[in-house]
Amino acid sequence: MATTEHPPSTGRLRAWMLEGLSDMGKGGGHTGPHAEPEPPHQGQRWWRVMCLTGVDYFSTLGYQPGIAALAAGLLSPVATIVLVVVTLAGALPVYRRVAEESPHGEGSIAMLERLLSFWQGKLFVLTLLGFAATDFLITITLSAADASTHLVENPHLTQALEGKQLLITLILVALLGAVFLKGFLEAIGVAVALVGVYLGLNLVVVITGLWHVVTAEHVITDWSTALTAQHGNVFVMIGVALIVFPKLALGLSGFETGVAVMPHVQGDPGDTEQRPAGRIRDTKKLLTTAALIMSCFLIATSFITTLLIPEKEFETGGQANGRALAYLAHEYLGSAFGTVYDVSTIAILWFAGASAMAGLLNLMPRYLPRYGMAPHWARAVRPMVIVFTLIAFLVTWIFDADVDKQGGAYATGVLVLISSAAIAVTIAARKAGQRGWTVAFAVISAVFLYTTVVNVIERPDGVKIGACFIAGIMLVSLLSRLARAFELRVTSVSLDPMAERFVRDMASRKLRFIANEPDQRDKAEYHDKIEQIRTDHDLPEQEDFVFLEVTVTDPSEFEAGLTARGEVLHGRYRVLTLESASIPNALAALLLHVRDFTGCTPHIYFEWTEGSPFANFLRFFLFGQGEVAPVTREVLREAEPDRIRRPRVHVG
């Protein structure tokens with residue numbers, strides 16, 4: 001009995017793992033190019049959608065002030081002001097332009113993808129995806145690590161949980177994965193509640209902190225005296241702040257997510273998919289409001305934490321390490337309020353991890369399946385959740401669930417994406433002939449590139465992690481593209497009136513096609529080709545043929561539609577011309593379409609290609625050409641298992 005029951009159980013598990021293409025479709029989440037169409041929705045008001053991106057953006061207040069104090073010391077408020085200037089004068093204008101150029105949530109990666117073609121474009125996008133994966137995965141692990149820090153450092157739980165931060169972080173990551181395995185719905189309502197409560201509690205902490213700073217006059221005096229003694233004058237302070245501010249780059253997170261949630265924004269009744277003017281306008285409001293709120297909190301929190309918390313408490317093992325605002329909440333507002341603050345912080349940090357996981361599941365299907373660079377199971381949510389969860393386990397273990405150690409990797413991912421966005425909008429402004437904006441965005445790009453380089457030099461962990469993700473994505477993409485090389489990847493086939501006329505005429509006799517590589521396209525070329533085919537295959541002279549000629553467009557593309565256009569050359573030779581990324585796939589798709597259209601089995605005739613079979617396969621893999629005949633036959637064999645119904649391939 002055991003042997004008979006095992007296969008159905010295995011089948012049920014496989015069906016559950018591969019069920020659907022996304023469990024987030026009901027929430028309006030992007031489900032990838034192979035998913036069922038998203039049901040139309042009315043969207044949400046921009047301020048509600050702002051809370052969806054805010055769980056990622058605003059949650060950084062849980063650890064940003066502590067990281068800023070460690071990086072800049074007494075200069076933390078000054079360096080934070082530099083960061084805010086870069087945010088409002090740099091990142092905000094860039095992403096407002098990204099919202100205009102990419103209003104459907106594709107973001108800056110899609111903008112750069114449109115600028116580059118062929119394999120270099122695909123490799124560039126894969127590289128950016130590696131850094132995006134770094135950003136999102138470190139968001140998951142860093143948020144979980146900081147949530148566990150708030151839990152462990154709570155006065156009521158310190159003794160019971162001391163030394164168990166790594167275990168707690170792994171449990172939080174596992175819980176996140178379990179929720180997504182069951183099915184996660186991006187609930188904007190939950191995000192609104194979490195952000196509202198969290199910002200409200202932070203406002204109370206900030207007001208209380210400022211009150212203590214103002215009432216205790218010696219605090220400001222002591223800080224300014226120490227600052228002057230350490231750095232001399234204001235100009236030196238500003239110079240040092242400009243040097244150290246890249247270490248504070250975590251405060252720039254959230255802009256890419258802000259653009260990604262654009263499809264959720266309601267917009268105006270008159271919006272169209274081609275030009276959703278209302279959605280673009282309201283997304284700009286979303287980005288601006290979020291940046292202003294975050295900027296105010298960044299300045300205020302860096303100020304009060306630097307002045308009120310002893311420097312030693314920010315260091316590893318200190319009570320304010322990774323939880324500076326929670327330290328102030330317990331210190332000045334009591335244990336009860338501090339515990340409520342901890343619970344709120346843990347909740348929003350966990351939800352930030354959920355938002356990042358959703359971002360990963362939305363991002364990868366947007367590109368990899370379309371490139372043929374993902375296995376079939378990567379189109380389903382649950383297998384990818386398991387993969388990302390296991391990677392998050394590994395990253396957590398490598399960094400020992402330490403917030404400070406992960407800050408560099410997170411900042412690198414954020415900065416690379418912002419730098420790429422700045423470069424993308426610079427190119428877009430230049431193409432639009434906007435000289436002023438081109439210069440402005442070029443300057444902003446230079447600032448972010450400088451910030452990225454400095455961050456990489458001082459904290460190379462981000463590049464190392466990003467390089468691992470890039471290498472992994474490249475390897476998986478290459479293996480997947482090889483494994484799917486013989487897959488029929490033409491999404492649709494259509495015939496123009498002349499092509500349809502050729503096919504209908506031939507269907508009354510024998511459907512015979514000759515694969516021809518167009519050269520001079522003169523009369524002699526077609527005459528010699530027909531004579532060669534008749535000689536090689538011993539065909540009678542009364543047999544007529546239609547030539548098939550494929551022009552390779554961009555061989556790095558994987559899936560596309562196909563249109564066959566008919567023409568008569570030199571008064572007698574019928575030719576069907578096609579454009580495709582791959583000659584064998586185009587020919588196989590057309591033959592199958594003709595078979596289904598006419599109900600007759602078509603025949604196609606080739607001549608052998610000279611040269612090494614391996615070299616010809618590489619030509620096919622990279623350039624869509626090579627040894628066409630056997631590859632066409634293999635594509636047909638995979639697409640049509642029934643040998644009787646399969647179009648016939650002849651090679652001579």
Side-chain angles (χ1 to χ4, degrees), residues 57-58 60-92 142 202 206 209-210 213 219-220 222-255 291-315 318 320-325 327-328 403-404 406-412 414-415 418-419 444 446-459 462:
Y57 196 15
F58 300 143
T60 58
L61 290 171
Y63 44 82
Q64 170 73 9
I67 290 177
L70 275 177
L74 295 174
L75 267 177
S76 175
V78 181
T80 301
I81 291 173
V82 174
L83 176 69
V84 166
V85 171
V86 172
T87 298
L88 298 180
L92 181 58
L142 188 146
N202 274 288
V206 167
L210 290 174
V213 169
V219 173
I220 297 179
D222 292 346
W223 173 68
S224 60
T225 302
L227 199 59
T228 304
Q230 193 174 90
H231 298 288
N233 58 58
V234 175
F235 296 104
V236 174
M237 295 177 195
I238 295 174
V240 175
L242 289 171
I243 294 173
V244 302
F245 102 89
K247 297 180 180 180
L248 281 62
L250 288 178
L252 290 166
S253 68
F255 282 102
L292 289 172
I293 292 173
M294 191 62 177
S295 296
C296 292
F297 272 107
L298 283 174
I299 293 173
T301 55
S302 68
F303 184 68
I304 62 174
T305 53
T306 303
L307 269 64
L308 296 177
I309 299 177
E311 198 169 341
K312 64 179 182 179
E313 297 295 346
F314 289 112
E315 297 173 359
N321 181 256
R323 56 185 299 276
L325 292 176
Y327 176 93
L328 292 180
V403 175
D404 300 329
Q406 297 178 72
Y410 186 27
T412 299
V414 171
L415 287 171
I418 294 181
S419 298
I444 293 171
V447 171
F448 283 121
L449 287 172
Y450 156 76
T451 308
T452 304
V453 171
V454 171
N455 186 79
V456 167
I457 293 172
E458 295 191 357
R459 296 183 290 181

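The chain is numbered in sequence order, starting from 1. In this text the structure is predicted, and so the values were computed from the model without any measurement.
Atoms CE and CG, on Met294 and Leu61 in that order, are 4.0 Å from each other to the nearest 0.5 Å. Rounding to the nearest 0.5 Å gives a distance of 10.0 Å between CG of Leu227 and OG1 of Thr306. In this structure, Leu88 CG and Leu292 CG are separated by 6.0 Å, a value rounded to the nearest 0.5 Å. Taken from OG1 in Thr305 to CG in Leu328, the straight-line distance is 6.5 Å, to the nearest 0.5 Å.
Using a 4.5 Å heavy-atom cutoff, the side chains of Thr87 and Phe255 are in contact. Residues Asn321 and Glu315 are not in side-chain contact: their nearest non-hydrogen atoms beyond the backbone lie 4.5 Å or more apart.
Residues passing the side chain to side chain donor-acceptor pair (under 3.5 Å) test with Thr452, sequence neighbours excluded: Ser419. In this view, Val219 and Ala216, Leu307, Leu308 satisfy the side chain to side chain contact (heavy atoms under 4.5 Å, CB included) rule, not counting sequence neighbours. When the side chain to side chain contact (heavy atoms under 4.5 Å, CB included) test is applied to Ser302, the partners found at least two apart in sequence or on another chain are Ser76, Pro77, Thr80. In this structure, the side chain to side chain contact (heavy atoms under 4.5 Å, CB included) partners of Ala69, at least two apart in sequence or on a different chain, are Phe314. Every side chain to side chain contact (heavy atoms under 4.5 Å, CB included) that Val206 has, sequence neighbours left out, goes to Leu210, Phe297, Ala300, Thr301, Ile304. Under the side chain to side chain donor-acceptor pair (under 3.5 Å) criterion, Thr412 pairs with Asn455, sequence neighbours left out.
Here the shortest heavy-atom pairing between Ala89 and Ile444 reads O-CD1, 3.5 Å.
Between the side chain of Thr225 and the backbone N or O of Asp222, no donor-acceptor pair lies under 3.5 Å.
Taking the six-membered ring where the residue is Trp, Trp223 and Phe303 present perpendicular rings, their angle passing 60° and hence far from 30°.
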